[in-house]
A.B. asks: 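So that we are looking at the same thing, I have put the structure below in structure tokens.
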Amino acid sequence: DRSSPYDFMLPSPSQFAEYVGRLGVSNDTHVVVYDGDELGTFYAPRAWWMFRVFGHKEVSVLNGGFKNWVKEGHPVTAEVSQPTPAAFKARLNTILLKTFEEMIQNVGTLQFQVVDSRPAGRFQGTELDQGNRGLESGHIPGAVNIPFQSFLTETGHEKSIEEIQQIFREKQVDLSKPLAATCRKGVTACHIALAAYLCGKRDVAVYDGSWSEWFHRAPPRYKVSEVK
């Protein structure tokens with residue numbers, strides 16, 4: 001959404017539908033998303049979540065990403081794809097999306113658990129967020145911190161379901177109860193949604209505005225930092 005003051009906010013259903021339709025994606029297409037990040041997977045879960053939030057069920061993340069695809073010797077090409085445009089109908093699934101207003105209300109009601117996927121220092125407020133001027137570190141009251149890289153192996157593949165379940169258990173996150181994920185800009189939060197999905201929990205919501213929006217809009221008492 002280029003009209004938003006915050007980065008990486010969801011476009012409208014019609015914008016998304018038009019964009020992916022031009023890529024040749026219809027409602028019957030099985031989409032596989034991956035990215036070229038050195039970690040193995042960084043942005044791909046965000047694209048996966050965007051398809052799901054717009055009602056598309058047949059979408060997968062390539063385990064290990066492009067880095068491991070190349071390492072394993074699978075074919076690659078430099079040719080530019082020329083897809084035939086398709087019709088895609090998008091319908092927003094609000095179950096998978098949290099707004100600022102819903103997050104503010106939850107601080108008082110605790111209707112759902114909140115997991116923050118940023119590095120521990122940013123979450124605690126002890127590490128400066130150098131990529132964003134004017135954005136101090138800290139977190140939403142009541143949030144639990146599970147840095148997104150916790151779910152990835154050293155090679156950049158997703159950890160086993162048993163290991164993922166253990167990570168959630170250690171942080172006392174109950175996958176049988178409502179859960180929302182947040183981060184800095186709504187990208188790595190989608191790793192939380194994907195990890196929970198692999199454990200059978202398919203309704204994790206992502207707070208799209210995440211800390212970037214929260215820091216600028218929430219009252220000071222709702223910004224927890226160990227520095228202050």
Side-chain angles (χ1 to χ4, degrees), residues 1 8-98 115 117 148-149 151-153 155-165 168 175 179-181 183 185-208:
D1 178 5
F8 301 134
M9 297 296 280
L10 273 181
S12 68
S14 61
Q15 285 171 319
F16 184 82
E18 187 192 342
Y19 191 92
V20 301
R22 284 204 307 269
L23 301 179
V25 178
S26 77
N27 297 92
D28 299 322
T29 308
H30 188 153
V31 178
V32 180
V33 290
Y34 68 88
D35 59 71
D37 197 84
E38 268 309 296
L39 283 172
T41 297
F42 187 83
Y43 291 102
R46 169 72 186 196
W48 168 84
W49 172 75
M50 286 174 76
F51 272 105
R52 293 180 61 243
V53 87
F54 286 122
H56 196 66
K57 292 187 170 62
E58 289 296 309
V59 56
S60 309
V61 174
L62 177 65
N63 195 8
F66 188 67
K67 175 179 100 164
N68 283 293
W69 178 267
V70 172
K71 203 155 101 185
E72 290 160 19
H74 300 301
V76 295
T77 179
E79 281 177 33
V80 179
S81 305
Q82 302 287 351
T84 306
F88 186 93
K89 286 194 178 73
R91 230 166 64 213
L92 185 66
N93 179 359
T94 53
I95 288 168
L96 299 179
L97 179 67
K98 289 291 180 210
V115 175
S117 66
F148 78 94
Q149 283 173 264
F151 299 110
L152 298 174
T153 66
T155 59
H157 291 86
E158 205 73 23
K159 284 184 179 172
S160 71
I161 290 168
E162 292 72 29
E163 288 171 300
I164 291 170
Q165 286 171 329
F168 282 122
L175 293 182
L179 174 61
C183 55
K185 295 182 176 181
V187 174
T188 64
C190 300
H191 282 255
I192 306 284
L194 177 62
Y197 186 94
L198 293 172
C199 298
K201 183 170 182 62
R202 310 204 154 177
D203 60 354
V204 173
V206 171
Y207 170 32
D208 196 24

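Throughout, numbering of the chain's residues begins at 1 and tracks the sequence. Not measured: the values here are computed from a predicted model.
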A.B. asks: Checking the side chain of Gln15 only, and the main-chain atoms of Ser12 only, is there a donor and an acceptor separated by less than 3.5 Å?
C.D. replies: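 At least one qualifying donor-acceptor pair exists.
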
A.B. asks: With rounding to the nearest 0.5 angstrom, report the OG1 to CG distance, Thr41 to Leu194.
C.D. replies: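 The CG atom of Leu194 is 8.0 Å from OG1 of Thr41, to the nearest 0.5 Å.
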
A.B. asks: Is the backbone N or O of Met9 less than 3.5 Å from a side-chain atom of Asp1, with the two atoms forming a donor-acceptor pair by type?
C.D. replies: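 Checking the backbone N and O of Met9 against the side chain of Asp1, no donor-acceptor pair under 3.5 Å is found.
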
A.B. asks: Do Val31 and His56 pass the side-chain contact (heavy atoms from CB on, under 4.5 Å) test, and can you show the C-alpha distance, the side-chain angles, and the key distance before you say yes or no?
C.D. replies: CA-CA 9 Å; Val31 178; His56 196 66; 3.8 Å; yes

A.B. asks: Taking Ser26 for its side chain and Asp28 for its backbone only, find out whether a donor-acceptor pair lies under 3.5 Å.
C.D. replies: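 Pair found, side chain donor or acceptor close to backbone of Asp28.
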
A.B. asks: In the structure I gave you, are the side-chain heavy atoms of Arg52 and Val59 within less than 4.5 Å of one another anywhere?
C.D. replies: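 Yes, side chains in contact.
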
A.B. asks: Checking Asp203 side chain against Ile95 main chain: does a donor-acceptor pair fall under 3.5 Å?
C.D. replies: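 Checking the backbone N and O of Ile95 against the side chain of Asp203, no donor-acceptor pair under 3.5 Å is found.
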
A.B. asks: First locate atom CE of Met50, then atom CG of Leu97, and finally report the distance between them rounded to the nearest 0.5 Å.
C.D. replies: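 Spacing of CE (Met50) from CG (Leu97) equals 11.0 Å.
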
A.B. asks: Enter the distance from Asn27:CG to Lys57:NZ here, rounded to the nearest 0.5 Å.
C.D. replies: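 Asn27 atom CG to Lys57 atom NZ measures 10.5 Å (nearest 0.5 Å).
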
A.B. asks: Taking C-beta and beyond as the side chain, do Thr29 and Phe51 meet within less than 4.5 Å on heavy atoms?
C.D. replies: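 No, side chains not in contact.
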
A.B. asks: Are any of the side-chain heavy atoms of Asp208 and Trp49 separated by less than 4.5 Å?
C.D. replies: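 Yes, side chains in contact.
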
A.B. asks: Begin from the C-alpha positions of Phe88 and Tyr19 and carry the test ring-ring contact (aromatic ring centres under 6.0 Å, His included) through to its verdict.
C.D. replies: CA-CA 9 Å; Phe88 186 93; Tyr19 191 92; over 10 Å; no

A.B. asks: Is Arg91 atom CZ crowded by more than 12 heavy atoms from other residues, nucleotides or ligands, each under 6.0 Å away?
C.D. replies: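 Atom CZ in Arg91 is not packed in, count stays at 12 or less.
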
A.B. asks: Is the side chain of Glu72 donor-acceptor paired with the backbone N or O of Trp69 at a distance under 3.5 Å, no angle test?
C.D. replies: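 No: the side chain of Glu72 does not pair with the backbone of Trp69.
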
A.B. asks: Can you tell me how the ring of Tyr43 sits relative to the ring of Phe8, calling it parallel under 30°, perpendicular over 60° and tilted otherwise?
C.D. replies: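 The arrangement is perpendicular - the two ring planes meet at more than 60°.
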
A.B. asks: Would you call Lys67 and Asp35 a salt bridge, taking side-chain N to carboxylate O under 4.0 Å as the test?
C.D. replies: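 Answer for the salt bridge query: no.
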
A.B. asks: Between His157 and Asn68, does the side-chain contact (heavy atoms from CB on, under 4.5 Å) criterion hold? Intermediate values first, please.
C.D. replies: CA-CA 8 Å; His157 291 86; Asn68 283 293; 3.4 Å; yes

A.B. asks: Considering all heavy atoms of both residues, which atom of Val204 and which atom of Ala196 are nearest to each other, and what is their separation?
C.D. replies: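 Closest pair (atom of Val204, atom of Ala196, distance): CG2-CB, 3.6 Å.
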
A.B. asks: Could you tell me which non-hydrogen atom of Val33 sits nearest to which non-hydrogen atom of Ala44, and how far apart they are?
C.D. replies: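 Result for this residue pair: CG2-O, 3.5 Å.
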
A.B. asks: Mind listing the closest non-hydrogen atom pair of Ala90 and Pro13 along with its distance?
C.D. replies: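 It is CB-O, 3.4 Å.
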
A.B. asks: For a side-chain contact (heavy atoms from CB on, under 4.5 Å) check, start with the C-alpha distance between Leu10 and Phe16, then their side-chain angles and the critical distance, and finish with the verdict.
C.D. replies: CA-CA 9 Å; Leu10 273 181; Phe16 184 82; over 6 Å; no

A.B. asks: On the six-membered ring of Trp48, is Arg46 placed so that its NZ or CZ lies under 6.0 angstrom from the centre and within 45° of the ring axis?
C.D. replies: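 No, Arg46 does not lie over the aromatic ring of Trp48.
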
A.B. asks: Looking only at heavy atoms, which two atoms of Pro11 and Phe54 are closest? And how far apart?
C.D. replies: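 Closest approach of Pro11 to Phe54: O-CZ, 3.3 Å.
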
A.B. asks: Nearest 0.5 Å, what's the CD-CG distance between Glu158 and Leu62?
C.D. replies: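 Atom-to-atom, Glu158:CD and Leu62:CG are 11.5 Å apart.
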
A.B. asks: Show every side chain to side chain donor-acceptor pair (under 3.5 Å) that has at least one partner inside residues 188-200, sequence neighbours left out.
C.D. replies: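 Qualifying pairs, neighbours excluded: Ser117-Thr188.
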
A.B. asks: According to the interplanar angle, ranging from 0 to 90°, do the rings of Phe151 and Phe168 count as parallel (below 30°), tilted (30 to 60°) or perpendicular (above 60°)?
C.D. replies: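 Judged by the thresholds at 30° and 60°, the geometry between Phe151 and Phe168 is tilted.
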
A.B. asks: Minimum heavy-atom separation for Gly65 and Tyr34, please, with both atom names.
C.D. replies: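 Reported closest heavy-atom pair: CA-CB, 4.4 Å.
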
A.B. asks: So do the side chains of Gln149 and Leu39 get within less than 4.5 Å of each other, counting heavy atoms only?
C.D. replies: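 Contact flag for Gln149/Leu39 side chains = yes.
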
A.B. asks: Do you know the tightest heavy-atom contact between Gly156 and Leu152?
C.D. replies: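 Looks like O-CD2, 4.1 Å.
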
A.B. asks: Would you sort out whether Arg202 and Leu96 count as a side-chain contact (heavy atoms from CB on, under 4.5 Å), showing the intermediate values?
C.D. replies: CA-CA 9 Å; Arg202 310 204 154 177; Leu96 299 179; over 6 Å; no

